[in-house]
Undergrad: 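Supplied in structure tokens, the structure appears directly below.
Since the model is a prediction, treat every value here as computed from it, not as a measurement. Numbers here are sequence positions counted from 1.
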Amino acid sequence: MKIDVVVGNNFKDVNQTAIKMIDVKNFKFQNYIIVPDRFSLLMEKLIFQTLKITSTLNISVMGISRFAAIVFEKLDISYDIVSKQESLLILRTAMI
């Protein structure tokens, strides 16, 4: 498994850097781009514009929750989905 992590000072710079790392012709690997849910459509548009493509089979844009579900499924780990309030409680408990 190969993982490339891209970080930067702002959303646009990070995305441009991450997108340019994708080889759209290499179907040996599935490229996952993890963004906050509210940015997924924006990211998909940015991918098509930056790479000058009209379709893709090896790029998936998703939020962290969906990505975590895929990872847990591949690792055969069961989990319970918590509500927003429960997640805030867990986060507060972890911070104390």
Undergrad: Tell me who clusters with Leu89, hydrophobic residues only, linked when side chains sit under 4.5 Å apart either directly or through other members.
TA: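 For Leu89, no cluster forms, as it stays isolated from other hydrophobic side chains.
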
Undergrad: State the CG-CD distance between Asp80 and Glu86, to the nearest 0.5 angstrom.
TA: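 Answer for the CG-CD pair, Asp80 versus Glu86, is 9.0 Å.
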
Undergrad: Between Thr50 and Ile47, is there a donor-acceptor pair closer than 3.5 Å when you use the side chain of the first and the backbone of the second?
TA: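 The answer is no, because no donor-acceptor pair under 3.5 Å joins these two groups.
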
Undergrad: Excluding sequence neighbours, so at least two apart, what forms side chain to side chain contact (heavy atoms under 4.5 Å, CB included) with Ile77?
TA: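 For Ile77 the side chain to side chain contact (heavy atoms under 4.5 Å, CB included) partners, ignoring immediate neighbours, are Phe72, Leu75.
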
Undergrad: With hydrophobic residues grouped by side-chain heavy-atom distances under 4.5 Å, do Val35 and Leu41 end up in a single group?
TA: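 No, separate clusters.
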
Undergrad: If the condition is side-chain hydrogen bond (donor to acceptor under 3.5 Å, both in side chains), which residues does Gln30 pass it with, not counting sequence neighbours?
TA: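 For Gln30, the residues satisfying side-chain hydrogen bond (donor to acceptor under 3.5 Å, both in side chains) (neighbours in sequence not counted) are Ser60.
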
Undergrad: Could you report the tightest heavy-atom contact between Tyr32 and Met62, atom names first, then the distance?
TA: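 That closest heavy-atom pairing would be CD2-CE, 3.3 Å.
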
Undergrad: Are more than 12 heavy atoms from other residues, nucleotides or ligands located less than 6.0 Å from atom CD of Glu73?
TA: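 At most 12 heavy atoms, drawn from other residues, nucleotides or ligands, come within 6.0 Å of this atom.
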
Undergrad: Output the distance between atom CD1 (Ile53) and atom NZ (Lys25), rounded to the nearest 0.5 Å.
TA: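 Reported to 0.5 Å precision, the distance equals 11.0 Å.
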
Undergrad: Which residues satisfy the ring-ring contact (aromatic ring centres under 6.0 Å, His included) test with Phe48, sequence neighbours excluded?
TA: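 Counting only residues at least two positions away or on another chain, Phe48 forms no ring-ring contact (aromatic ring centres under 6.0 Å, His included).
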
Undergrad: Please name the pair of heavy atoms, one in Arg66 and one in Val61, separated by the smallest distance, quoted to 0.1 Å.
TA: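 Heavy atoms only, the tightest pair is NH1-O, 3.7 Å.
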
Undergrad: Asp23: which residues meet the side-chain hydrogen bond (donor to acceptor under 3.5 Å, both in side chains) condition with it, sequence neighbours left out?
TA: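 Residues passing side-chain hydrogen bond (donor to acceptor under 3.5 Å, both in side chains) with Asp23: none at all.
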
Undergrad: Among residues at least two apart in sequence or on other chains, which ones pass side chain to side chain contact (heavy atoms under 4.5 Å, CB included) with Gln85?
TA: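 Side chain to side chain contact (heavy atoms under 4.5 Å, CB included) list for Gln85, sorted by chain: Ser83.
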
Undergrad: Say whether, by atom type as modelled, one donor and one acceptor occur between the side chain of Asn31 and the main chain of Asn58 under 3.5 angstrom.
TA: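 Flag set: sc Asn31 to bb Asn58 pair under 3.5 Å.
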
